[in-house]
Amino acid sequence: MDQPLAEQLPSVSAQSPSIGRSARRALKAAVPALGYLIPPLIALIIAGVVWEFWVRAADTPTYIVPAPTKVLDRFFGGLSYFWWHGWVTLYEGMLGFALGAGGAVLFAIVMASSRPVEKSIMPLAILVKVTPIVAIAPLFTIWFGFGSFPKVLIAAFLTFYPVLINAIVGFRSMNPGAHDFLRSVNASPAEIFLRLRMPSSLPYLFAAFRIVIPLALIGATVAEWFSGDRGLGSVIIVAHNNLDMPTLFSAIFTLAIIGIGLTMLTWVLEKRLTFWHESNLAR
Amino acid sequence: MSLPHHVTVESIVKRFTAKGGDLLALDNVTLDVCDGEFLSIIGVSGCGKTTLLRLMGGLETPTAGKVLVKGSEPREAQRHKQIGFVFQDPSLLPWRTVQQNVLLPLQVNRQQDAAGHPRAQAILSTVGLEEFAQYYPHQLSGGMKQRVALARSLVFDPSLLLMDEPLGALDELTRSAMRYELLRIWEASRKTVVMVTHSIAEAVLLSDRVAVMTPRPGRIADIIAIDLPRPRKPGIEREPAFLDYVERIQRLLMTGGHGGPATGRTTALR
Ligand SMILES: Nc1ncnc2c1ncn2[C@@H]1O[C@H](COP(=O)(O)OP(=O)(O)OP(=O)(O)O)[C@@H](O)[C@H]1O
Ligand SMILES: [Mg+2]
């Protein structure tokens, strides 16, 4: 209870007995998730069926638009292949996200504590933001080679700015009364940060994460177009060059699954860590 | 009173500089709070009561004049955790349970020990919230939150308690019950208490002295010693001596301390 991490401990049912508590918690998190999952799944199946009939009726060649059955055939036939490349892209994207978000939070801590520092760093941060990162991707290949590093770097750059902006606002958005109370009992700036600023910023951080996590995945994928032979980006480029539409669509399908998985994970984490925030209390 | 002074407010001027121009909130306020005294501050909305309280607690610096707590800067009293603040709005940490909120001041500077938990629990039952220890602030009513804020300021046993309308969010019934609760807590602990209130009856019931402030810029219109015997028991509100004090303070407020005609600004007062 004494470490600041305990600040963020969630509790879904404060009064329930501890037996089966985690199971109930998991269920409570899963049920609304299913509720969100089933309707779009039905819509997706209907769209797939229409698509299938349309491709068959019009006799569209596979190298232009493949039938869903052909895509699924390819996907499930090469599950380990797509999973392996998907893992590479996921790993690069998330490592980039972690680096970019971690760096942004560190910068934000410094910038939120002093306006002059903020004013001197912000123009550089904006420079990073307005530079079209994707245009730099080929350059990164020249500098950093064909491995994962340039992909991680691009994902990190895409992550940095949105997290920085939200973290600065978040670190400053604390209840002034709570701040006064902590000051009146001699809390140090570090204690105020850990016990008040950091938890207060979580809703803002998660708002940024929701935008930035898919972005990091896109960044890694696009970076893979330019170099290397690993990851879904390179699978897409190769399949495109071979007019191998079932493979290309399967790669996109894999990316979509990863994106949905990450979004749901973020959503569950956000609900658990910011259950106290107004946005989660509205009935 | 010949007791030593706990808080000394000497010729305080407080001016806020804002875009729309300066605002003189307090104009030459001088006030002493004795050791172990219960002092109430009363005045119309916006007259500078909160500002005065924040100055005493070292959360605001005066434009001119000085504030001393036990002979030194208020910051020194903060350093020794000798100031318990109850704000106009409860300002609890929403991600902490009631119990964790009450433990917060003990955890600051790593001062929590094994006695922390039972102590928090004891304070919570004093304010009638022992069953709500594991609740989160958003699961409480406004008055309950205010009582948690009170418990949070009592748990580390400060010698000076600064309260800004601590009972403001309560309904009339709970409020009068809490008044006696406050009275009981204070009579048992004999802390020095400075309380801002809008209720004249509350000020008379609880206080040794009542400081009446003028409308902005805030000055002390008068300080009235309440010579009612202690312990004060329910029913005292109907005694003639009590009603005399209420009427005197009412008159002071209505005239803004100038002896002039009523300004009508006092309609905000209960
Ligand atoms: N931080 C600030 N900046 C500018 N002006 C302020 C600030 N704090 C208070 N004031 C002004 O000082 C005056 C006194 O405010 P204060 O909060 O002390 O009033 P109050 O007596 O507590 O009123 P209430 O009974 O409504 O709580 C008000 O006119 C207010 O506008
Ligand atoms: Mg006030």
Side-chain angles (χ1 to χ4, degrees), chain A residues 1-18 21 25 170 173-206 269-283, chain B residues 50 53-54 56-60 74-101 103-113 116-117 120 131-139 145 149 152-153 155-156 158 160-162 164:
Chain A
M1 181 150 308
D2 209 20
Q3 48 307 54
L5 256 184
E7 311 276 316
Q8 302 151 22
L9 269 184
S11 122
V12 176
S13 48
Q15 314 99 287
S16 74
S18 56
R21 206 169 157 184
R25 225 183 243 173
S173 308
M174 54 190 168
N175 181 325
H179 185 212
D180 284 336
F181 181 79
L182 280 169
R183 280 206 294 151
S184 78
V185 292
N186 197 37
S188 66
E191 279 174 315
I192 289 173
F193 183 82
L194 285 175
R195 298 199 184 279
L196 182 61
R197 286 182 192 269
M198 196 69 195
S200 303
S201 74
L202 282 177
Y204 295 85
L205 283 180
F206 271 102
L269 262 177
E270 179 173 1
K271 283 273 174 268
R272 300 196 90 191
L273 295 180
T274 67
F275 66 96
W276 47 269
H277 190 248
E278 291 90 335
S279 62
N280 291 325
L281 297 179
R283 267 164 278 205
Chain B
T50 298
L53 207 65
R54 291 172 61 86
M56 291 181 181
L59 293 176
E60 211 84 66
R75 179 79 192 90
E76 199 54 34
Q78 281 182 7
R79 208 165 280 138
H80 296 105
K81 288 203 192 178
Q82 285 307 315
I83 298 179
F85 238 117
V86 181
F87 298 97
Q88 207 163 349
D89 127 282
S91 334
L92 304 174
L93 302 187
W95 51 84
R96 283 180 166 241
T97 61
V98 165
Q99 185 180 54
Q100 289 169 336
N101 264 291
L103 285 171
L104 176 68
L106 299 177
Q107 289 164 353
V108 167
N109 302 350
R110 297 178 184 278
Q111 280 171 348
Q112 192 186 2
D113 53 19
H117 266 88
E131 286 156 41
F132 294 91
Q134 300 309 321
Y135 277 56
Y136 284 91
H138 68 258
Q139 298 165 320
K145 281 186 228 177
R152 179 177 69 172
S153 294
V155 74
F156 57 101
L160 175 62
L161 197 55
L162 303 175
D164 200 348

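Just so we're on the same page: letters track the sequence lines, and every chain starts at 1.
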Notebook entry, point to check: So which heavy atom on R183(A) is nearest to which on L59(B), and how close?
Noted result: NH2-O, 3.5 Å

Checklist line | Nearest non-hydrogen partners of A178(A) and L93(B), listed with the distance | finding: CB-CD2, 3.6 Å

Would you say that [X] contacts [Y] through its side chain, given a criterion of any heavy-atom pair below 4.5 Å between the two side chains?
X: Q107(B); Y: E191(A); value: no
X: F156(B); Y: V185(A); value: yes
X: P105(B); Y: F181(A); value: yes
X: F275(A); Y: H138(B); value: yes

What part of [X] is in contact with chain B, defined as an atom under 4.5 angstrom from a non-hydrogen atom: side chain, backbone, both or neither?
X: N175(A); value: side chain
X: S200(A); value: both
X: L182(A); value: side chain

Check: To the nearest 0.5 Å, what is the distance between CH2 (W95(B)) and CG (L202(A))?
Finding: 8.0 Å

Check: Of the listed residues (I83(B), V86(B), N109(B)), which shares the most heavy-atom pairs with chain A below a 4.5 Å separation?
Finding: N109(B)

Check: Relative to chain A, which of R152(B), Q82(B), R79(B), H80(B) shows the most heavy atom pairs under 4.5 Å?
Finding: R152(B)

Note to self: Which atoms of F85(B) are under 4.5 Å from chain A, going by heavy atoms: the side chain, the backbone, both sets, or neither?
What the structure shows: both

